[in-house]
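Take a look at the structure below.
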There are 2 protein chains.
Amino acid sequence: MTTTGAREDRVFAALANATRREVLRLLRDEGPQPVQALADHFDMRRPSLSEHLKVLREAGLVSEERSGRQRIYQLEAQPLAEVQDWLHPYERFWRDRLKGLSDLLDRMPDDGET
Amino acid sequence: MTTTGAREDRVFAALANATRREVLRLLRDEGPQPVQALADHFDMRRPSLSEHLKVLREAGLVSEERSGRQRIYQLEAQPLAEVQDWLHPYERFWRDRLKGLSDLLDRMPDDGET
DNA sequence: ACGATAGGTAGGAGATTCCCTACGCGTCAA
DNA sequence: TTGACGCGTAGGGAATCTCCTACCTATCGT
């Protein structure tokens, strides 16, 4: 119904690469940009960056808008909102855990396992 | 400074697989379990699942605790908290954007793309 | 029309992923 | 001790990833 898992696969896989995460950061911090401006930040040939942009596009994380002979890329944050939704059911876990842990450590000084 | 990106690579890569995400969900919803109990949920040989567990371990997403000849796996949510932290600077983006979008959709009923 | 510029696509090399079948190691029950 | 059980590791094969060097199309300036 809502998820085959395939969509999330794409988003997470897109995020599993430092270059692509840096592209997202650049688009977030510096706004929409053409490919060349992005490419200047990387030690990589432009066609390789083009493929990273393709991965990001197919994950829905960026969109392109043609402007003359340039392609202006823009951040599309919706898939990231979905990641946050996915994360949500785990939230109580690290809350409970960290809170309970510090609590525990506070009141039982005997434990000390490896 | 704080990140080479290598750690985040591992976490995102670990999450970029439906089997591994399902393992995390099982550990979250059903609590700590030995490998065999997890394996029962998948159409996959046990050694393959073992490798998925290894990936999750190396990403810090699960921990194992030996109990006799069993290995009890447990969810470790801290890397997910780090993912949420990573997500945070993007949050304002989808807030702004979705608000503007629903606004737009509300007042232009003509759209109808393929 | 011509050359330069912006950027995507083709195809290939090397690494990595994801599954498999063997097999090895430690633990429990007899 | 012998065997069965729980689980990891070795090694291999097909697919995918990530980079590269060509090369192609479209647009701009002259």
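Protein chains get the first letters and strands the later ones, always in sequence-line order, with residue 1 at the start of each.
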Inset, instruction - Using atom CD of A:Gln33 as one end and atom C1' of C:dA6 as the other, report the distance to the nearest whole Å. - result: 15 Å
Legend entry - Between P of C:dG7 and CD1 of A:Ile72, the distance in whole Å: 7 Å
Inset, instruction - Identify, with sequence neighbours excluded, every residue that meets side-chain contact (heavy atoms from CB on, under 4.5 Å) alongside B:Glu51. - result: none
Legend entry - Cluster link B:Leu15 to A:Leu87, ILVMFWY, side chain under 4.5 Å: yes
Inset, instruction - Go through the structure and list residues passing side-chain contact (heavy atoms from CB on, under 4.5 Å) with B:Pro89, not counting sequence neighbours. - result: A:Arg28
Inset, instruction - Between B:Glu51 and A:Ser48, name the one whose nearest nucleotide on DNA chain D is closer to the 5' end. - result: B:Glu51
Inset, instruction - Treat each ILVMFWY residue as a node, draw an edge where side-chain heavy atoms are under 4.5 Å apart, and state whether B:Leu61 and B:Leu49 are in one component. - result: yes
Inset, instruction - Please name all residues satisfying salt bridge (Lys or Arg N to Asp or Glu O under 4.0 Å) with B:Asp29, sequence neighbours left out, ordered by chain then number. - result: B:Arg25
Legend entry - Electrostatic pair A:Arg57-A:Glu76, nearest N-O below 4.0 angstrom: no
Legend entry - Under-4.0 Å salt bridge between A:Arg21 and B:Glu8: yes
Inset, instruction - Take atom CG of A:Leu49 and atom C1' of C:dT9, then tell me their distance rounded to the nearest Å. - result: 15 Å
Inset, instruction - Measure from CG on B:Asp9 to C1' on C:dA15 and round the result to the nearest Å. - result: 15 Å
Collect all protein-nucleotide pairs involving nucleotides 23-30 of chain C in which both atoms are nitrogen or oxygen and the distance is under 3.5 Å.
none

Inset, instruction - Starting from C1' on C:dG7, measure out to CD on A:Glu65 and report it in whole angstrom. - result: 16 Å
Legend entry - chain B contact limits on DNA chain D, taken 5' to 3' with a cut-off of 4.0 angstrom to heavy atoms: D:dA4 to D:dG11
Legend entry - Euclidean distance, atom CZ of residue A:Arg10 to atom P of C:dT17 [Å, nearest integer]: 19 Å
Legend entry - Distance below 4.0 Å between B:Asn17 side-chain N/O and C:dC18 OP1 or OP2: yes
Inset, instruction - Quick one: do B:Arg66 and B:Glu64 satisfy salt bridge (charged side-chain N to carboxylate O under 4.0 Å, His left out)? Show the steps, please. - result: CA-CA 7 Å; B:Arg66 273 150 232 238; B:Glu64 72 166 35; 2.7 Å; yes
Legend entry - Closest nucleotide among C:dG7, C:dG11, C:dG8 to the A:Gln70 side chain: C:dG7
Inset, instruction - Determine which pairs satisfy ring-ring contact (aromatic ring centres under 6.0 Å, His included) with at least one residue from residues 11-55 of chain A, sequence neighbours left out, and list them in order. - result: A:Phe12-A:Trp86
Inset, instruction - Quickly work out the A:Arg66 CZ to C:dA6 C1' distance and round it to whole Å. - result: 12 Å
Inset, instruction - For A:Asp40 and C:dG7, give me the distance from atom CG to atom P, rounded to whole Å. - result: 10 Å
Inset, instruction - Using a heavy-atom cut-off of under 4.0 Å over every strand shown, decide if B:Arg20 touches base, sugar-phosphate, or nothing. - result: sugar-phosphate
Inset, instruction - Select base, sugar-phosphate, or nothing to describe what B:Phe42 touches, counting heavy atoms under 4.0 Å on all strands. - result: nothing
